[in-house]
Amino acid sequence: MLIIRQLSRSFREGNRIHRVLDRADARIATGEIVAIIGRSGSGKSTLLNLISGIDQPDSGFIEFDGREITMLREPERTLFRRRNIGFVYQFFNLVPTLDVEENVRLMLELNGVRGREARRRAAAMLGEVGLAERRHSAVDTLSGGEQQRVAIARALVHEPRLILADEPTGNLDEETAQQVILLLLSLVRTRGATLLIVTHDYDVTASAQRVLELREGRLHEVGAPAYGAFAGGS
Ligand SMILES: Nc1ncnc2c1ncn2[C@@H]1O[C@H](COP(=O)(O)OP(=O)(O)OP(=O)(O)O)[C@@H](O)[C@H]1O
Ligand SMILES: [Mg+2]
């Protein structure tokens with residue numbers, strides 16, 4: 001269970017304060033797949049940064065599986081993030097000097113899994129994203145879709161309970177985007193992990209169990225009728 005309670009975060013812009021999140025609330029059950037929508041600048045990435053503990057709120061709380069992560073100090077927050085969270089970003093964020101398998105192994109090594117065991121798990125994970133044969137390739141020789149599949153393998157290899165994806169298909173063509181999304185959703189479902197996915201893609205919102213819209217600093221549940229209107233339906 002992920003609980004977001006009265007979460008606020010402001011940024012200073014010149015001499016005015018921009019309140020990006022304004023007492024946002026949400027409860028997300030374990031294993032739920034939740035799409036987060038909202039216009040550019042509405043605070044979607046800010047929200048993910050707070051959940052992962054990269055950033056800290058001005059006030060409010062985030063609780064994950066009974067632990068209040070907003071109360072953790074920096075070293076514990078880093079450990080918590082490494083162990084429990086997997087990330088997928090719009091621009092893949094792979095380490096260019098490492099090959100495909102090394103990129104995936106990195107998340108295991110950060111969690112103390114090394115040597116033969118790390119190689120075995122990385123290879124198995126790369127098999128699941130269909131890249132077993134490319135495991136010794138330099139990441140910059142891969143296509144965008146392949147790079148995003150490496151990023152998905154890296155996000156899941158250490159079996160995190162929570163996956164955060166920030167516009168993971170924003171940089172892919174439509175067909176590749178759809179394949180990458182189907183893969184991500186199926187891997188997340190198999191593991192029973194929770195997925196928060198920021199997206200502008202209607203296919204993703206249609207496959208998610210819930211859609212939350214970030215508007216005026218708060219999270220609004222987008223119900224089926226409102227979603228129809230949002231998607232341009234009847
Ligand atoms: N570190 C920061 N310092 C100052 N302002 C920030 C910072 N991070 C975010 N902001 C501001 O907060 C607002 C929300 O930004 P955020 O990146 O969360 O939006 P977003 O919903 O992810 O947008 P997009 O869809 O374009 O990615 C923006 O106005 C942005 O300029
Ligand atoms: Mg963003």
Side-chain angles (χ1 to χ4, degrees), residues 2-26 28 32-62 64 69-70 72-74 77-78 81 85-94 144-145 147-148 151-152 154-155 160 162-174 176-178 180-181 184-185 188 194-208 210-222 226-227 229-232:
L2 176 68
I3 300 171
I4 294 165
R5 207 167 344 119
Q6 295 283 297
L7 198 68
S8 296
R9 180 73 170 104
S10 301
F11 295 106
R12 184 178 288 279
E13 276 171 15
N15 54 10
R16 85 178 249 286
I17 300 287
H18 180 188
R19 213 167 226 268
V20 177
L21 296 179
D22 185 11
R23 292 161 289 157
D25 283 306
I28 293 157
E32 261 193 311
I33 292 179
V34 177
I36 296 174
I37 61 170
R39 62 168 181 76
S40 181
S42 60
K44 304 179 297 296
S45 297
T46 300
L47 177 67
L48 294 197
N49 289 341
L50 291 172
I51 294 171
S52 67
I54 290 169
D55 188 19
Q56 286 200 281
D58 302 322
S59 60
F61 305 93
I62 300 169
F64 182 69
I69 54 185
T70 33
L72 300 176
R73 291 185 188 286
E74 180 44 45
R77 281 215 315 278
T78 301
R81 175 162 63 240
I85 299 183
F87 294 95
V88 188
Y89 302 93
Q90 181 173 0
F91 297 102
F92 323 137
N93 285 16
L94 300 172
Q147 289 190 43
Q148 198 58 307
I152 289 170
R154 180 185 58 182
L162 178 62
I163 320 297
L164 303 177
D166 198 347
E167 296 188 48
T169 60
N171 217 22
L172 302 174
D173 66 64
E174 207 174 312
T176 309
Q178 199 177 13
V180 163
I181 283 299
L184 176 63
L185 293 181
V188 166
T194 306
L195 173 67
L196 295 193
I197 180 167
V198 170
T199 185
H200 297 291
D201 185 336
Y202 299 135
D203 288 341
V204 179
T205 51
S207 333
R210 278 165 76 195
V211 180
L212 297 176
E213 182 181 2
L214 199 46
R215 182 165 23 92
E216 289 164 358
R218 305 228 179 143
L219 284 161
H220 302 265
E221 199 86 36
V222 180
Y227 170 69
F230 161 75

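For ligands, and for the atoms within them, numbers begin at 1 and follow the listed sequence. Since this is a predicted model, take the numbers as computed values, not measurements.
Within the structure, the closest approach of G41 to ligand 1 falls below 4.0 Å when heavy atoms are considered. Ligand 1 has no atom lying under 4.0 Å from any heavy atom of R12.
In this structure, a donor-acceptor pair under 3.5 Å is absent between the side chains of S8 and D58. The closest side-chain donor-acceptor pair between T46 and N49, if any, does not fall under 3.5 angstrom. For the residue pair E13 and H18, a side-chain donor N or O sits within less than 3.5 Å of a side-chain acceptor on the partner.
With respect to R218 and E216, no salt bridge is recorded, no charged nitrogen being found less than 4.0 Å from a carboxylate O. Checked for salt-bridge contact, K44 and D166 miss the test: no charged N lies under 4.0 Å from a carboxylate O.
Applying the 4.0 Å criterion to heavy atoms of T46 picks out, from ligand 1, the atoms 9 (C), 14 (C), 15 (O), 16 (P), 18 (O). Interface of E167 with ligand 1, defined as ligand atoms under 4.0 Å from a residue heavy atom, comprises 25 (O), 27 (O). Atoms of ligand 1 found under 4.0 Å from any heavy atom of H18, numbered from 1 in the order shown, are 29 (O). Short contacts between ligand 1 and R39, defined as distances under 4.0 Å to a heavy atom of the residue, involve ligand atoms 21 (O).
With hydrogens left out, the protein atom closest to atom 17 (O) of ligand 1 is S45 CB, 3.7 Å, a heavy atom. In terms of protein heavy-atom proximity, atom 26 (O) of ligand 1 is closest to S40 OG, 2.6 Å. Here the heavy atom of the protein found nearest to atom 11 (C) of ligand 1 is F11 CD1, 3.8 Å.
Residues Q148 and Q90 come closest through the heavy atom pair NE2-O, 4.2 Å.
With hydrogens and angles ignored, the 3.5 Å screen pairs no side-chain donor or acceptor of T176 with any backbone N or O of L172.
In terms of N/O distances under 3.5 Å, ligand 1 is not approached by G38.
Atom 30 (C) of ligand 1 is not flagged as protein-proximal [any protein heavy atom, distance under 4.0 Å].
Taking all heavy atoms of K44, R19, R9 into account, the minimum distance to atom 21 (O) of ligand 1 is reached by K44.
For a distance bound of 2.8 Å, the N, O or S atoms of S45 include one lying that close to the Mg ion (ligand 2).
Taking a 6.0 Å sphere around CZ of R73, one finds it holds 12 or fewer heavy atoms contributed by other residues, nucleotides or ligands. Annotation for F61: atom CZ does not count as buried by contact number, only 12 or fewer foreign heavy atoms lying within 6.0 Å.
Only the side chain of V20 comes within 4.0 Å of ligand 1, judged by heavy-atom distances.
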